[in-house]
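Keep in mind that the numbers below use all heavy atoms, side chains included, and drop hydrogens, waters and symmetry copies.
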Amino acid sequence: QVQLVESGGGLVQAGGSLRLSCEVSGRTFSPYAMGWFRQAPGKEREFLAAIRWSAGTTVYADSVKGRFTISRDNAKNTVYLQMNSLKPEDTAVHSCAATGKPTNLRVPANYDYWGQGTQVTVSS
């Protein structure tokens, strides 16, 4: 079984920064890509960013482009999301996901595995 475990969430003031981590463990699994999503209460899950594991190329949602940076450490099987200039509207449960095949990385249903999520709260 493949497991994704997020860490790094918390409470931060507006304008602050957080770095989320997501470690992939379990049976041998080579992701094609990994993504970060968030979901606020009463809202649909929203795509934030994705990175193709081998190539390192990235995709961002317009809402976070220039503020968030996705990166990965292949040796540690870990993907990161550096979040800067945080705003109260960034408050949500943030989750990482992994897909094993080329696909539209912006669509949650295209991912095979999900982490449990980590809460990010940005105070004004």
Side-chain angles (χ1 to χ4, degrees):
Q1 184 69 13
V2 176
Q3 292 184 321
L4 279 63
V5 179
E6 302 101 334
S7 60
L11 174 64
V12 65
Q13 289 188 333
S17 299
L18 283 174
R19 188 176 84 152
L20 306 182
S21 300
C22 173
E23 181 179 2
V24 183
S25 64
R27 68 174 177 85
T28 301
F29 173 67
S30 296
Y32 168 76
M34 294 193 65
W36 284 98
F37 293 79
R38 69 186 178 193
Q39 188 167 22
K43 295 188 176 182
E44 292 188 353
R45 182 170 280 168
E46 177 188 11
F47 168 77
L48 299 177
I51 186 166
R52 296 177 181 87
W53 201 252
S54 292
T57 54
T58 56
V59 181
Y60 290 96
D62 288 343
S63 60
V64 304
K65 196 175 296 183
R67 296 192 300 127
F68 291 8
T69 302
I70 189 171
S71 62
R72 90 275 192 243
D73 185 328
N74 297 53
K76 295 182 179 180
N77 287 334
T78 299
V79 63
Y80 304 97
L81 187 67
Q82 177 67 42
M83 306 186 295
N84 299 329
S85 303
L86 284 163
K87 307 174 183 179
E89 51 264 43
D90 294 319
T91 295
V93 174
H94 287 60
S95 300
C96 65
T99 178
K101 56 189 181 299
T103 187
N104 184 337
L105 297 177
R106 299 174 183 270
V107 178
N110 290 340
Y111 287 79
D112 304 305
Y113 303 101
W114 289 84
Q116 82 286 353
T118 185
Q119 177 69 44
V120 171
T121 303
V122 184
S123 62
S124 57

_Assess whether a salt bridge exists between Lys65 and Asp62, defined as any Lys/Arg side-chain N lying under 4.0 Å from an Asp/Glu carboxylate O._
yes
_Could you tell me if the side chain of Asp90 sits less than 4.5 Å from the side chain of Phe68, heavy atoms only?_
yes
*asked:* Has Tyr113 got a side-chain atom pairing as donor or acceptor with Cys96's backbone, closer than 3.5 angstrom?
replied: no
*Which heavy atom of Met34 sits nearest a heavy atom of Cys22, and at what distance?*
CE-SG, 3.9 Å
*Would you say Val59 and Arg106 make side-chain contact, with heavy atoms under 4.5 Å?*
yes
*Will you find, in the side chains of Ser63 and Glu46, an N or O donor that is under 3.5 Å from an N or O acceptor?*
yes
*asked:* Please report the interatomic distance CG(Leu81) to CZ(Arg19), rounded to the nearest 0.5 Å.
replied: 10.5 Å
*Between Tyr111 and Trp36, is there a shared hydrophobic cluster once you connect ILVMFWY residues whose side-chain heavy atoms come closer than 4.5 Å?*
no
*Describe, in one word, how the ring planes of Phe37 and Trp114 are oriented to each other, choosing from parallel (under 30°), tilted (30 to 60°) and perpendicular (over 60°).*
tilted
*Among Leu86, Leu18, Thr91, side-chain contact (heavy atoms from CB on, under 4.5 Å) partner for Thr121*: Thr91
*State, to 0.1 Å, how close Asp112 and Thr99 come at their nearest heavy-atom pair, and which atoms those are.*
OD2-CA, 3.4 Å
*asked:* Quick check against the 3.5 Å criterion: does Glu6 have a side-chain atom that pairs as donor or acceptor with the backbone of Gly117?
replied: yes
*Look up atom OH in Tyr32 and atom CG in Leu105, then write down how far apart they are to the nearest 0.5 Å.*
6.0 Å
*Hey, does His94 have a side-chain heavy atom less than 4.5 Å from the side chain of Leu48?*
yes
*asked:* Between Tyr60 and Ile70 (side chain of the first, backbone of the second, donor and acceptor by atom type, cut-off under 3.5 Å), is there such a pair?
replied: yes
*Which heavy atom of Arg67 sits nearest a heavy atom of Ser85, and at what distance?*
NH1-O, 3.0 Å
_Ala55 backbone acceptor or donor facing Thr57 side chain under 3.5 Å_ = no
*Reported CZ-to-CZ distance for the pair Arg45 and Arg38, which is rounded to 0.5 angstrom*: 13.0 Å
*Looking at OH of Tyr80 and OG1 of Thr69, how far apart are the two atoms once the value is rounded to the nearest 0.5 Å?*
14.0 Å
_Atom pair CD/CD of Gln116 and Gln3 - distance to nearest 0.5 Å_ = 9.5 Å
*In the single-linkage hydrophobic clustering (I, L, V, M, F, W, Y; side-chain heavy atoms under 4.5 Å), do Val64 and Ile51 co-cluster?*
yes
*Nearest-0.5 Å distance, CD of residue Gln13 to OG of residue Ser124*: 9.5 Å
_More than 12 heavy atoms from other groups under 6.0 Å of NZ on Lys101_ = yes
_Could you walk me through whether Met83 and Val120 satisfy the side-chain contact (heavy atoms from CB on, under 4.5 Å) test, starting with their C-alpha distance in whole Å, then the side-chain angles of each, then the deciding distance to 0.1 Å, before giving a yes or no?_
CA-CA 10 Å; Met83 306 186 295; Val120 171; 3.9 Å; yes
*Please name the pair of heavy atoms, one in Asn110 and one in Asn104, separated by the smallest distance, quoted to 0.1 Å.*
ND2-O, 3.0 Å
_Minimal non-hydrogen separation, Leu20 against Gly9, with atom names_ = CD2-N, 3.6 Å
*Where is the tightest heavy-atom contact between Trp53 and Asp73, given as atom of each residue plus distance?*
CZ2-O, 4.2 Å
